[in-house]
K.L.:
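First the structure, then my questions, so here it is.
Chain A is the first sequence line, chain B the second, and so forth, proteins listed ahead of strands; every chain is numbered from 1.
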2 protein chains.
Amino acid sequence: MMKVDDSKNKLSLAELLNTKGFVEHVSVDCVIFGFNKDELKVLLLKYHEVDRWSVPGGFVFKDESLDDAAARTLYERTHLENLFLQQFYTFGSVNRTDENNPHRQLLKSLNLTVDPDHWIYQRFISTAYFALIDFTISHTFPDTNNEVCAWFSVDDLPEMAFDHEKIVKKGLDFLRLNLDYNVVGSNLLPEKFTMKELQTLYETILGEKFRRNNFQRKVLSLNMLQRLEKLYTGSANKAPYLYKFLKK
Amino acid sequence: MMKVDDSKNKLSLAELLNTKGFVEHVSVDCVIFGFNKDELKVLLLKYHEVDRWSVPGGFVFKDESLDDAAARTLYERTHLENLFLQQFYTFGSVNRTDENNPHRQLLKSLNLTVDPDHWIYQRFISTAYFALIDFTISHTFPDTNNEVCAWFSVDDLPEMAFDHEKIVKKGLDFLRLNLDYNVVGSNLLPEKFTMKELQTLYETILGEKFRRNNFQRKVLSLNMLQRLEKLYTGSANKAPYLYKFLKK
DNA sequence: TCAAAAGTGTTTGCTTTACACCCATGT
DNA sequence: ACATGGGTGTAAAGCAAACACTTTTGA
């Protein structure tokens with residue numbers, strides 16, 4: 001978990017860009033996966049003045065670690081906090097910011113002026129993080145005049161800025177390879193959940209089906225779950241047990 | 001494999017630092033593991049004027065990708081090329097370059113002058129790569145007056161600059177988790193090798209022992225090896241087969 | 001009493017591990 | 001002949017997949 005320090009928010013973006021508050025040529029991006037029912041989605045943002053969608057991210061303060069910058073920029077743009085953010089790759093090709101770069105358009109529409117050869121118009125490298133959350137929990141996305149937040153199916157991404165489509169796809173690959181109980185147990189499910197919910201979660205993320213009984217045996221053998229009371233839903237079938245993750 | 005483009009070498013370091021040839025605040029580092037007999041080593045460099053050892057690395061040109069910068073800086077400092085370099089983590093804490101920073105000492109001894117608040121004295125982030133080679137192949141390390149190259153056991157590292165000990169340790173963790181036939185088959189063994197050599201390689205890197213026959217069955221079942229002629233060593237025992245990796 | 005969905009047990013088959021034996025080679 | 005190390009076969013153990021049956025619940 002990362003603590004968000006937003007003491008820097010008092011400075012405007014223009015001030016920050018012009019007073020060298022940021023580390024030049026460096027950014028962070030966060031791929032936030034949302035899970036609900038049987039769908040895996042990704043959280044994207046779009047500036048109203050710009051055609052293309054981005055993953056939440058931003059620049060890094062000179063006295064701020066990459067990890068902290070990821071947590072902070074995510075919070076500023078989505079109000080999500082205390083997520084289990086994990087670094088997965090740093091994108092550093094030369095031309096990754098050349099195509100579909102919304103910066104000029106954005107700064108112009110904000111009436112911000114920076115030097116025409118300011119580094120934000122040039123090449124910069126970006127370290128990418130990912131996290132998983134349950135997207136049915138009602139998040140109050142910040143109400144700014146600049147941008148809008150929305151969930152997209154990972155199978156049906158819109159036109160995206162920069163190389164952000166590549167970032168999302170690589171994040172998804174990484175997630176599938178590194179899906180473990182730390183990730184799943186962190187933000188994805190409510191505190192109490194049924195075995196079927198856990199199974200659907202795995203099936204959705206990994207894109208494959210498991211057998212009910214074998215899945216249960218496997219997951220219980222890891223001794224990471226505690227069985228709780230039964231859940232009576234009112235439906236005409238046996239009530240399933242609820243479980244919760246044990247702290248290790 | 002990465003192609004090395006050293007057209008930039010004509011500019012001196014001082015010129016590069018002062019003419020903004022580099023991307024500010026960004027560097028790359030390469031953890032080169034060497035394998036021989038039953039030892040896993042790591043290649044380190046030391047400037048003569050500086051007490052502490054570093055992994056080979058350097059700064060990134062403005063028109064150069066991170067991957068290319070890793071290959072280039074490695075080549076410049078060790079003359080190693082065509083290695084299978086793989087990115088594994090980006091180190092971005094605020095104070096990682098504060099401690100044991102050899103830059104002032106180094107530039108002074110080189111009689112290079114840069115602005116006292118030049119970014120190389122400040123914080124910078126570093127993307128780390130690793131590769132594996134057979135360190136018995138005689139490498140002609142470049143003969144510079146500035147630095148010396150040497151192999152160190154991963155279990156017995158010397159005093160290191162910056163956070164490079166942490167980088168080596170994380171690289172080793174990553175290597176052990178991601179040891180596959182692409183890595184092993186790339187630079188580690190001679191073209192023809194015995195099953196025992198391959199087994200020793202795995203045992204050395206992973207730090208555990210396997211049974212001769214079971215290891216052989218497992219590795220042959222992957223259909224990645226081609227059996228060649230026998231190797232007569234002159235010793236009083238059955239001659240082992242040689243193998244080579246199949247191109248996939 | 002029935003359908004739906006969850007819980008639990010058992011059988012089967014495969015992969016990994018362990019043990020055993022045989023073969024080639026130079027002294 | 002014999003010691004040394006490599007090649008190969010087989011039994012035992014462990015794990016995962018598939019299948020079958022029982023239990024609970026509300027209509």
K.L.:
For the pair made of OH in B:Tyr241 and P in D:dG7, what is the distance, rounded to whole Å?
P.N.:
7 Å
K.L.:
May I ask you to evaluate whether B:Tyr232 reaches the phosphate of C:dT25, defined as a side-chain N or O under 4.0 Å from OP1 or OP2?
P.N.:
yes
K.L.:
Let me confirm one number: the CG-CE distance from A:Leu220 to A:Met195, rounded to the nearest 0.5 Å.
P.N.:
4.0 Å
K.L.:
Once rounded to the nearest 0.5 Å, what's the spacing between atom OG1 of B:Thr78 and atom CD of B:Glu76?
P.N.:
10.0 Å
K.L.:
Between A:Phe215 (CZ) and C:dG7 (P), how many Å, whole number?
P.N.:
12 Å
K.L.:
Expressed as a whole number of angstroms, how long is the span from A:Glu229:CD to D:dT24:C1'?
P.N.:
17 Å
K.L.:
Describe the nucleic acid contact of A:Ser235 in one word from base, sugar-phosphate, nothing, applying a heavy-atom distance below 4.0 Å.
P.N.:
sugar-phosphate
K.L.:
Can you check the A:Leu231 CG to C:dA6 C1' distance for me, whole Å?
P.N.:
12 Å
K.L.:
Rounded to whole angstroms, how far apart are CG on B:Leu242 and P on D:dG6?
P.N.:
12 Å
K.L.:
Would you say B:Gln216 places a side-chain N or O within less than 4.0 Å of OP1 or OP2 belonging to D:dG6?
P.N.:
no
K.L.:
Looking only at the aromatic ring of each residue, does the gap between the centers of B:Phe130 and B:Phe174 stay below 6.0 angstrom?
P.N.:
yes
K.L.:
Compute the centroid of each ring, for B:Phe59 and then for B:Phe124, and state whether the two points are separated by less than 6.0 Å.
P.N.:
yes
K.L.:
Check side-chain contact (heavy atoms from CB on, under 4.5 Å) between B:Thr204 and all other residues, then give those that pass, not counting sequence neighbours.
P.N.:
B:Phe35, B:Asp38, B:Leu40, B:Thr200
K.L.:
How close or far is atom C1' of C:dG7 from atom CE of A:Met195, stated in whole angstroms?
P.N.:
11 Å
K.L.:
From the set D:dG7, D:dT24, C:dA24, return the single nucleotide nearest to any side-chain atom of B:Lys230.
P.N.:
C:dA24
K.L.:
Report the distance from atom CG of A:Asn237 to atom C1' of D:dT25, rounded to the nearest whole Å.
P.N.:
6 Å
K.L.:
Return yes when atom NZ of A:Lys41 has more than 12 non-hydrogen atoms of other residues, nucleotides or ligands closer than 6.0 Å, and no otherwise.
P.N.:
yes
K.L.:
Measure the distance from CD on A:Gln199 to P on C:dA5 and round it to the nearest whole Å.
P.N.:
14 Å
K.L.:
Would you say A:Ser93 and B:Ser65 are linked by a side-chain donor-acceptor pair, where the criterion is simply a distance under 3.5 Å?
P.N.:
no
K.L.:
Using a 4.0 Å heavy-atom cut-off, write out nucleotides 16-22 of chain C from 5' to 3' as B (base contacted by protein), S (sugar-phosphate only) or - (no contact).
P.N.:
-BBBB--
